[in-house]
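This report refers to the structure that appears directly beneath it.
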Amino acid sequence: MKIYWRIALPLFAFLLLSFLFPGSKHAYADGGAPNLAYVAGTAKGISVIDIGQQKVTGSFSMSSESEAIYLSLDGRFLYITQPTSGHVSMLAAKTGQTICSANVPGQPSLLAFDPGLNVLYTAGNGGNSVTELDPGNCAIKQTINMNSPIYGLAVAIIGSGAPGETTNQLWVADATSLNVFVNKKLIGSLQVPGGPQYLSIPPGFTAYVTTRQGSVYAVDLTSRKLSRALISGGSFGPMDYNAFTSEVYIPDMLNKQVDVFSPIFPGTNTLPHEPNYSIHLGVVPQSIAITSDGQLGFIALAGGNVAMLDIPGKQVINIAAYVLVIALLIVPIILFQRYARSKVDHKVKS
């Protein structure tokens with residue numbers, strides 16, 4: 001589940017936790033107008049939540065079960081994956097009207113956006129390919145064939161190159177390896193012990209990957225060198241990060257805590273001891289989302305609760321009890337302007 005709460009400032013988005021509903025198998029969300037959130041995967045299709053009122057205020061019907069959801073940066077359009085029917089659809093965020101749709105192989109359940117190329121990537125573990133879509137008309141521009149089903153997608157925001165090109169990196173997790181593409185060309189691949197699962201790429205020079213066997217690794221974006229296992233012995237859900245500090249927040253379902261990782265800076269000879277600290281919950285955290293201003297976190301808990309985390313104060317506040325069927329998938333998108341500015345002010349963190 002992914003959610004953005006968009007306030008009335010241009011090109012500024014808060015990452016928040018979306019709410020799940022009875023009857024849903026999966027739910028993913030994104031946000032639009034001030035205090036509004038859009039949730040995919042509910043019994044009604046797409047549900048609209050007023051964050052301030054903490055209640056559902058509307059819904060958009062879908063022809064088949066929806067899963068991942070992404071909101072365009074201008075807040076006008078929603079992009080929805082529908083794995084069962086094999087579609088990725090573009091909706092008007094205000095009315096829910098379907099504008100266009102693409103037939104995509106592989107039961108698409110993942111979305112990642114590259115602002116440098118202005119393309120939308122989608123994939124799923126029902127197929128061995130990543131599909132590149134034109135976000136303006138849903139046209140399929142290219143298909144990247146892989147060797148196994150896809151478990152994770154993420155875009156590392158690096159910068160721009162020649163006209164029509166970018167140095168941003170598309171990271172694809174298949175059954176055994178991480179594969180890195182720049183301008184649609186494979187530039188590297190590395191095997192990950194235990195099989196890669198969730199990906200998180202904060203501003204800076206490091207990607208983080210969890211494995212299906214319960215470890216977390218870091219990967220240098222430049223050299224693509226895999227670190228030793230930073231931690232092991234957990235069962236990790238979808239991650240998120242603090243865009244200002246580059247700290248990474250990882251829910252550990254086995255140990256009922258959220259592990260907070262320190263950023264890894266270029267030229268570091270000794271990796272930091274991880275986790276830097278842990279937030280003990282006493283209940284199973286299934287996923288987490290951090291606001292892009294680094295002030296708040298929202299944790300999906302087993303049993304139907306949503307916990308709010310005060311990031312600076314490191315305090316957890318229980319704020320709601322909604323029926324949660326499965327946790328969220330975080331594919332955080334950080335605006336290029338913020339990242340570019342941060343590179344000037346500080347070459348490591350934003």
Regarding [X] and [Y], do their side chains bring together a donor and an acceptor under 3.5 Å, going by distance alone?
X	Y	result
Asp74	Ser72	yes
Thr245	Glu247	yes
Asn128	Asn147	no
His87	Ser89	no
Ser278	Asp259	yes

Looking only at atom types and distance, does a side-chain atom of [X] sit under 3.5 Å from a main-chain N or O of [Y], one as donor and one as acceptor?
X	Y	value
Glu274	Ser262	yes
Arg224	Ile187	yes
Ser246	Pro203	yes
Thr122	Leu111	no

Can you tell if the side chain of [X] reaches within under 4.5 Å of the side chain of [Y], non-hydrogen atoms only?
X	Y	value
Thr206	Leu221	no
Val172	Ile144	no
Asn168	Pro115	yes
Val260	Val248	no
Asp114	Leu170	no
Leu271	Leu230	yes

Quick one: closest heavy-atom pair of Tyr217 and Pro193, and the distance?
->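 Scanning both residues, the minimum pair turns out to be OH-CB, 3.6 Å.
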Where Pro196 and Val209 come nearest, the two heavy atoms and their spacing | CB-CG2, 3.7 Å
Following the transitive rule for hydrophobic clusters with a side-chain heavy-atom cut-off under 4.5 Å over Ile, Leu, Val, Met, Phe, Trp and Tyr, establish whether Leu254 and Tyr277 coincide in one cluster.
-> no
Kindly work out whether a path of hydrophobic side-chain contacts (I/L/V/M/F/W/Y, heavy atoms less than 4.5 Å apart) joins Tyr151 to Leu190.
-> no
Does anything in residues 130-150 pair up under salt bridge (Lys or Arg N to Asp or Glu O under 4.0 Å), and if so which pairs, sequence neighbours excluded?
-> Glu132-Lys184
Taking the six-membered ring where the residue is Trp, are the ring centres of Tyr249 and Tyr241 under 6.0 Å apart?
-> no
More than 12 non-hydrogen atoms from neighbouring residues, nucleotides or ligands closer than 6.0 Å to CG on Asn276, yes or no?
-> yes
Yes or no on side-chain contact (heavy atoms from CB on, under 4.5 Å) for Ile99 and Leu91, after CA distance, side-chain angles and deciding distance?
-> CA-CA 5 Å; Ile99 299 172; Leu91 278 61; over 6 Å; no
Does the cation-pi check pass for Arg212 over Phe236, that is, NZ or CZ under 6.0 Å from the six-membered ring centre and within 45° of its axis?
->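 Pair Arg212/Phe236 does not count as cation-pi.
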